[in-house]
Amino acid sequence: MTHHHDCKSCNSDTPDHHDHHHQGHDHHGHHHSSDKKTFHVHVHDGATVASGVFTVPLKYQAVVVYMQNQLKLIAEWVDAEGGIIGHIKAYLKRSDANTLMSITDCDEEVSVKKNERESVEISFTAIVYAIKPDVLDSRLSEMIHAIEKL
């Protein structure tokens, strides 16, 4: 017996059917191209606020160590610039490895395809005072571009 797939389901917008990998994009009105990592930076009630979400194809532990060091360096930089730290936070989330298994006939072995390329999603926010938005944006961009050299 042959089973036919109902292709109408392929027109759905469910994640199962359309995995476009939109992680790493931040659509808050800050200009960027698909390969440029940028922050959304604005002033809110006197504070300079910067935020961004980035996905980097690196090992989780390496990103943890790097970002921990960077948060300390950014805090020291804000202080040296005469600014005041509201808060600087980074939330790191490791991607899970995935495995696809399939079989099409009982006389065959199960086909196994693994994807263990690790990547880490970084959600970053800084709220500081007495630092101009373009200056903060420039400093944070250095941090993100440097991570690509790890």
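Both backbone and side-chain heavy atoms feed into the values below; hydrogens, waters and symmetry mates do not.
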Flag side-chain contact, heavy atom, 4.5 Å: I122 against I147: yes
Is it possible for you to say whether I127 and V43 belong to one hydrophobic cluster, with membership spreading through side-chain heavy-atom contacts below 4.5 Å? no
For the CD atom on Q68, are there more than 12 heavy atoms of other groups (residues, nucleotides or ligands in this structure) within a distance under 6.0 Å? no
Does E109 have more than 12 heavy atoms from other residues, nucleotides or ligands lying within 6.0 Å of its CD? no
Can you tell me which residue pairs pass the ring pair (Phe, Tyr, Trp, His ring centres under 6.0 Å) test with a partner in residues 110-129, sequence neighbours excluded? F39-F124
With a 4.5 Å cut-off on side-chain heavy-atom distances among I, L, V, M, F, W and Y, is there a chain of contacts connecting I84 to L136? no
Side-chain donor or acceptor of S141 paired with backbone N/O of D137 under 3.5 Å: yes
Closest non-hydrogen contact found for M67 with A90 is CE-CB, 3.9 Å
Search all heavy atoms of L92 against all heavy atoms of V120 and return the closest pair with its distance. CB-CG1, 4.1 Å
Under the side-chain hydrogen bond (donor to acceptor under 3.5 Å, both in side chains) test, residues paired with S102 that sit two or more places apart: none
What orientation do H40 and H42 show, parallel under 30°, tilted 30 to 60°, or perpendicular over 60°? tilted
Testing the 3.5 Å rule here: is there a donor-acceptor pair between the side chains of T55 and S119? no
On a heavy-atom basis, which atom in I131 and which in W77 lie closest, and how many Å separate them? CG2-CH2, 3.9 Å
I74, V49: one ILVMFWY side-chain cluster at the under-4.5 Å cut-off? no
Atom of G82, atom of A130 and distance for their closest heavy-atom approach: O-CB, 4.0 Å
Following the transitive rule for hydrophobic clusters with a side-chain heavy-atom cut-off under 4.5 Å over Ile, Leu, Val, Met, Phe, Trp and Tyr, establish whether Y66 and I88 coincide in one cluster. yes
Closest approach of L150 and A62, non-hydrogen atoms and distance? CD1-O, 4.2 Å
Pairs satisfying ring pair (Phe, Tyr, Trp, His ring centres under 6.0 Å), at least one member in residues 81-112, at least two apart: none
Quick one: are T48 and V41 in side-chain contact, heavy atoms under 4.5 Å? yes
Distance from M101 atom CE to K114 atom NZ, nearest 0.5 Å? 8.0 Å
Measuring only between side-chain heavy atoms, which start at C-beta, is L73 closer than 4.5 Å to R139? yes
